[in-house]
Visitor: 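Below: one structure in structure tokens.
It should be emphasised that the depicted structure is a prediction, and the values quoted were computed from it without experimental measurement. When a residue number appears, it is its place in the shown sequence, counting from 1.
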Amino acid sequence: MAMKLFCLISALLIFGEAANWGGVNNFFIHTLPDQSRHNMLDQIQAAGLKVIRIFIGTTYAGTKGSDSLGSTDPEQWEVGNYDDSILNTIDQFMLDCFERGIKLNIVLHDRYALGCWGADAYVKKYNLPNTAPNCNTKVNQPWNFYWNQNAQADIDRRLVHILTHRNPHFNNRPWGSLSEVVFAFAPENEAQGWMNNPNPNWTCGRVNAMRPYVTNGTLIITGGGVTWEASLLSEFFDCKNLDVVSVHDYDLSTSGWYSNMENGRNLAWNSGKRLIVEEFGSTGNVGTKSSNIPPIIDTVNGLGIPVMPWEFVNPANDNDFEFYNEDPLWFSISCRAKQALSTKGAFDWPEIDTRGANSTACQGGGGNLPNWAFCSASWQCQCGCCSNQYSNDGKYKCTPGGSANRCI
């Protein structure tokens, strides 16, 4: 007889209070074939998870034993010579997410492509120490990438190129304005991770370069550090144009998580920033992971901070920080994500739809007109909103994700 699992969800929110939320990581989900990609997104939606984190970079076909089709980095062959194939793929993925009420946390570059686990075009141009594919961080110290002003100008051009890429599924608007489907952009994953001599101005410099191109309430996030300490650097909280500080750590101590996240929450409150736990996880079989991961979620959720475990993939490897839809772990993650939606958060998150697990950005208006069709009243639109909120020409169109006070 199969064991039945029950998730108790209490409505603890007082009207007007901001809810907490949960998300998940899969850095290459956008490279999966349609059926596999849709299946994973459907499970994420049903689990009540609101944000999926992805990376822009090279992914090999069959990554992690999946049916990934692979992708090429926008600067696969030469710095500044852009191939938008992966961006075009993510255009469709954005639509897939939007239709399910899921938002993206998009990482625009990966520190570990700088000669660690991989070697991108910056390794060759700036003669970075290369230990790929067997990362050796003692040798791989890419100082020239982070300290060289020419390299900083190159990466800034990459960031701007991506942020100004236009998505044909969203009225041909630039990515940086797509607040209805993008939660946040990070300049890099774990920037300067494991470096002995990090540049304290690097992250904020990239944030400042991004800021003019990230609009309509879309957020800019740090991309995390390799530990609690590296994630909570004072220069992050002092960076005016940064919105969210993200924390990465794989320590399993709930007391450590509590003390460090309580400190991080206070730093965020005092600086006008917000805080999320963007990466954490456990190795081992599903039983071991089920013992290790939920207590950390409970601890961080108890502080009102959103959590995003690493990493939701199919198939999951016991020897890596991976999980799929096996119970009781997936049930535990889903239950806690749904509980977060009904509990008070430490921060306001107007960017996140916290109405429930199956809510979508398009609530339905009963009309027949599809998204971006010209309209004169909201009742005409399938999504129930006719506005010029995201219209490049000022004309009224059926607007997915339109603000209620802008709908006519």
Visitor: Minimum heavy-atom separation for Leu219 to Val244, with atom names?
Guide: CD1-CG2, 3.8 Å
Visitor: Decide if the gap between the ring center of Tyr250 and the ring center of Trp228 is smaller than 6.0 angstrom.
Guide: no
Visitor: Any donor and acceptor pair, going by atom type alone, linking the side chain of Thr299 with main-chain N or O of Pro295 inside 3.5 Å?
Guide: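 Confirmed, Thr299 side chain pairs with Pro295 backbone.
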Visitor: For Phe170 together with Phe98, are the ring centres under 6.0 Å from each other?
Guide: yes
Visitor: Do Ser246 side-chain atoms and Ile221 backbone N/O form a donor-acceptor pair below 3.5 Å?
Guide: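 Between the backbone of Ile221 and the side chain of Ser246 there is no qualifying donor-acceptor contact (under 3.5 Å).
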Visitor: Taking all non-hydrogen atoms of both residues, which atom of Trp147 and which atom of Pro200 are closest, and how far apart?
Guide: CH2-CD, 4.1 Å
Visitor: For Glu351, check side-chain hydrogen bond (donor to acceptor under 3.5 Å, both in side chains) against everything at least two apart and list the hits.
Guide: Arg274
Visitor: With a 4.0 Å cut-off on N to O distance, would you call Arg206 and Glu188 a salt bridge?
Guide: no
Visitor: Distance to the ring centre below 6.0 angstrom and angle to the axis at most 45 degrees; does that hold for Arg173 and Trp175?
Guide: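 No - Arg173 does not lie over the ring of Trp175 by the 6.0 Å and 45° rule.
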Visitor: Decide if the gap between the ring center of Phe312 and the ring center of Tyr324 is smaller than 6.0 angstrom.
Guide: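 So the answer is yes for these two rings.
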Visitor: When you measure from the side chain of Ser71 to the backbone N and O of Gly57, does any donor-acceptor pair fall under 3.5 Å?
Guide: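 Looks like yes, one N/O pair under 3.5 Å.
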Visitor: Whether the side chain of Tyr122 engages the backbone of Val79 through a donor-acceptor N/O pair (distance < 3.5 Å, no angle test) should be reported.
Guide: no
